[in-house]
S.K.: 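A single structure is presented below for examination.
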Amino acid sequence: MSTAIPKTERLTPPLPVTAADQEGPASPAPPPSAPSGEPGRSQGETIAFTVAALAVCCVGMYYARGLIGPVFLALTLVITVRPLIAWATRHRIPRPVSALAAIMIIYTFVVGLFAFLGIAVVQLIDTLPGYSDRFADIWTQLQDRLTRLGMSQADLIAQFSKAVDTSKVVSFAQALLGQISGIGSMLTVMGLAVIFLMFDMSRIERRTRALVMLKPSLASALAGFAQSVRSYWLVSTVFGLIVAVLDTMALWWLDVPMAVTWGVVAFVTNYIPNIGFVIGVMPPALLAMVDSGPWTALWVIVIYSLLNFVIQSIIQPKFTGDAVGLNTTVTFISLLFWSQVIGALGAILAIPLTLFVKALLIDTDRRAAWVSLFLSAGDNPPDPVEQVDLDDVDRADLDGDGPGPATPEADEPVRAQ
């Protein structure tokens with residue numbers, strides 16, 4: 001009696017082994033990619049988020065302006081004099097000695113600037129009472145001319161009262177007194193910041209090399225910022241001094257009172273972009289009109305304008321080129337913006353602050369390179385963001401010590417952890 005084999009126990013012939021089976025199991029298929037039509041963050045949304053974040057940062061900077069302004073001023077001045085420390089180190093001068101010398105240079109420059117400006121204000125206060133009779137004569141002549149035009153003194157006073165808001169004058173005076181009283185605290189904060197920054201940056205070579213290797217685009221942007229800030233301070237100081245000396249000689253030739261004082265004012269206002277020239281020419285022109293008449297005041301304006309145009313618009317670009325790489329519109333808007341955020345110190349720091357923001361937000365990101373087209377001066381496109389090789393650290397020169405290592409430990413390799 002034969003037994004039947006169950007279907008479950010029936011043997012099937014083995015399948016042929018292929019090359020794919022010998023190589024191992026097949027790798028899992030990649031997950032399906034998201035459809036290309038899926039909506040993402042648009043360029044407009046990115047700009048809106050960036051503007052909103054910047055607005056929040058500006059509000060915070062406004063409330064911390066008493067700290068941010070002096071510290072940033074100290075940072076830019078330390079960056080400017082940093083090559084002097086490297087030069088002294090290469091000439092076998094100890095770093096602490098060179099750092100102290102650089103600190104004294106910064107202190108002398110800042111304190112001398114404010115001291116001369118204070119002396120100018122004191123001299124102006126002492127000189128103006130001597131012209132009280134002259135001011136009275138000018139006021140009488142003005143009244144006579146207005147009377148001939150059919151306007152009485154009462155009408156003039158009424159029109160002046162409508163044009164001038166007393167509350168605004170009081171608020172302006174209070175703000176001005178607040179700025180003057182805050183000069184002492186600002187100088188104290190800046191002086192302490194200069195000391196700490198100077199000694200922290202006296203040995204920055206290894207940190208610079210590490211930054212170049214870990215964040216090359218950021219290192220390149222900060223190196224460009226440091227170079228632009230040095231150019232800005234040095235160019236503004238040298239050519240501002242030349243303009244101030246020539247203005248003083250012209251005022252002395254025209255026999256305008258307080259010629260040296262107005263030369264100092266011209267030197268200080270040279271650091272204010274765009275409108276610094278207007279601020280510097282108004283006081284000597286008004287005093288020349290009171291002292292010698294309108295023709296002398298006109299000559300003051302003409303000579304100031306001629307010197308400013310020839311030196312700062314023709315001669316200066318021939319020697320320095322574009323020192324900061326910002327067009328005139330951007331510098332003017334920066335002046336208005338940073339004056340609102342930082343205060344009076346923002347007028348002087350308008351260009352360095354704009355360069356710093358540009359370095360952090362634009363120069364470090366290739367996607368934001370198009371913004372530089374609207375910020376830079378001229379029609380040349382901005383340089384693309386390049387990856388800085390470790391061997392090119394000397395060309396980056398972030399520490400400001402020029403090509404070549406300043407100390408033996410600067411050649412030690414820096415390895416990422």
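Below, each value reflects all heavy atoms present in this structure, side chains not excepted, and no hydrogens, waters or symmetry copies. Nothing here was measured: the structure is a model prediction, and the numbers come from that model.
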S.K.: Using side chain to side chain donor-acceptor pair (under 3.5 Å) as the criterion, list what pairs up with N308, not counting sequence neighbours.
M.R.: none

S.K.: So V256 and D291, side-chain contact (heavy atoms from CB on, under 4.5 Å) or not? Walk me through it.
M.R.: CA-CA 8 Å; V256 177; D291 183 75; over 6 Å; no

S.K.: I need the L67 CG to F72 CZ distance, nearest 0.5 Å.
M.R.: 13.0 Å

S.K.: List the atom of G263, the atom of A244, and the distance in Å for their closest heavy-atom pair.
M.R.: O-CB, 3.3 Å

S.K.: Enumerate the residue pairs fulfilling side-chain hydrogen bond (donor to acceptor under 3.5 Å, both in side chains) with a member in residues 250-261, sequence neighbours excluded, ordered by first and then second residue.
M.R.: Q123-T261

S.K.: Atom OG of S98 and atom CZ of R90: how far apart are they, to the nearest 0.5 Å?
M.R.: 11.5 Å

S.K.: Which pairs pass ring-ring contact (aromatic ring centres under 6.0 Å, His included) with one or both residues in residues 272-304, sequence neighbours excluded?
M.R.: none

S.K.: Who are the side chain to side chain donor-acceptor pair (under 3.5 Å) partners of W262, not counting sequence neighbours?
M.R.: none

S.K.: Between N270 and G240, which heavy-atom pair has the shortest distance, and what is it?
M.R.: ND2-CA, 3.4 Å

S.K.: Could you walk me through whether V81 and L77 pass side-chain contact (heavy atoms from CB on, under 4.5 Å), step by step?
M.R.: CA-CA 6 Å; V81 302; L77 293 177; 5.9 Å; no

S.K.: May I ask you to decide if L360's main-chain N or O and T364's side chain share a donor-acceptor pair within less than 3.5 Å?
M.R.: yes

S.K.: State which residues pass side chain to side chain contact (heavy atoms under 4.5 Å, CB included) with L286; sequence neighbours excluded, sorted by chain then number.
M.R.: M289

S.K.: Enter the distance from Y62:OH to R65:CZ here, rounded to the nearest 0.5 Å.
M.R.: 4.0 Å

S.K.: Could you measure the distance from the CG atom of L75 to the CD1 atom of I68? Nearest 0.5 Å is fine.
M.R.: 12.5 Å

S.K.: Listed by chain and number, what are the side chain to side chain contact (heavy atoms under 4.5 Å, CB included) partners of P94, not counting sequence neighbours?
M.R.: P96, V97

S.K.: Mind checking side chain to side chain donor-acceptor pair (under 3.5 Å) for S305 and listing every partner two or more places apart, or none if nothing turns up?
M.R.: none

S.K.: Provide the full list of ring-ring contact (aromatic ring centres under 6.0 Å, His included) pairs with a residue in residues 98-124, sequence neighbours left out, each pair given once.
M.R.: none

S.K.: Are any of the side-chain heavy atoms of V78 and I106 separated by less than 4.5 Å?
M.R.: yes

S.K.: Could you pull out all residues at least two apart from A74 that satisfy side chain to side chain contact (heavy atoms under 4.5 Å, CB included)?
M.R.: M190, A193, V194, L197

S.K.: Just how far is it from atom OG1 of T237 to atom CG of L113, taken to the nearest 0.5 Å?
M.R.: 8.5 Å

S.K.: Determine whether L222 and D363 satisfy the following criterion, side-chain contact (heavy atoms from CB on, under 4.5 Å), listing intermediate values before the conclusion.
M.R.: CA-CA 9 Å; L222 292 179; D363 295 342; over 6 Å; no

S.K.: What is the minimum heavy-atom distance between V300 and L254, and which atoms define it?
M.R.: CG2-CD1, 3.8 Å

S.K.: Give the minimum heavy-atom separation between T80 and R230, together with the two atoms involved.
M.R.: CA-CG, 3.8 Å

S.K.: For a quick test of reading the model, state the closest non-hydrogen atom pair linking A285 to A297 and the distance between them.
M.R.: O-CB, 3.2 Å

S.K.: When you look at F199 and L100, which way does the side-chain contact (heavy atoms from CB on, under 4.5 Å) test go after all the steps?
M.R.: CA-CA 9 Å; F199 283 100; L100 287 175; 4.0 Å; yes

S.K.: With rounding to the nearest 0.5 angstrom, report the CZ to CG distance, F49 to L54.
M.R.: 13.5 Å

S.K.: Show me the side-chain donor-acceptor pairs of residues 329-352 shorter than 3.5 Å, one per line, residues at least two apart or across chains.
M.R.:
{"residue": "T331", "atom": "OG1", "partner": "N274", "partner atom": "OD1", "Å": "3.1"}
{"residue": "T331", "atom": "OG1", "partner": "N327", "partner atom": "O", "Å": "3.4"}
{"residue": "T331", "atom": "OG1", "partner": "T328", "partner atom": "O", "Å": "2.6"}
{"residue": "S334", "atom": "OG", "partner": "V330", "partner atom": "O", "Å": "2.6"}
{"residue": "S334", "atom": "OG", "partner": "T354", "partner atom": "OG1", "Å": "2.9"}
{"residue": "W338", "atom": "NE1", "partner": "T354", "partner atom": "OG1", "Å": "3.1"}
{"residue": "S339", "atom": "OG", "partner": "L335", "partner atom": "O", "Å": "2.6"}

S.K.: Considering all heavy atoms of both residues, which atom of A250 and which atom of I303 are nearest to each other, and what is their separation?
M.R.: CB-CG2, 3.5 Å

S.K.: Do the side chain of T76 and the main chain of L73 share a donor and acceptor less than 3.5 angstrom apart?
M.R.: yes

S.K.: Mind checking whether Y271 and F267 have parallel, tilted or perpendicular rings, split at 30° and 60°?
M.R.: perpendicular

S.K.: With sequence neighbours excluded, tell me which residues meet side chain to side chain contact (heavy atoms under 4.5 Å, CB included) with I279.
M.R.: T269, I272, I275

S.K.: Check the surroundings of atom CE in M61: do more than 12 heavy atoms from other residues, nucleotides or ligands lie under 6.0 Å from it?
M.R.: yes

S.K.: Report the residues that fulfil side chain to side chain donor-acceptor pair (under 3.5 Å) with T296, sequence neighbours left out, ordered by chain and then residue number.
M.R.: none

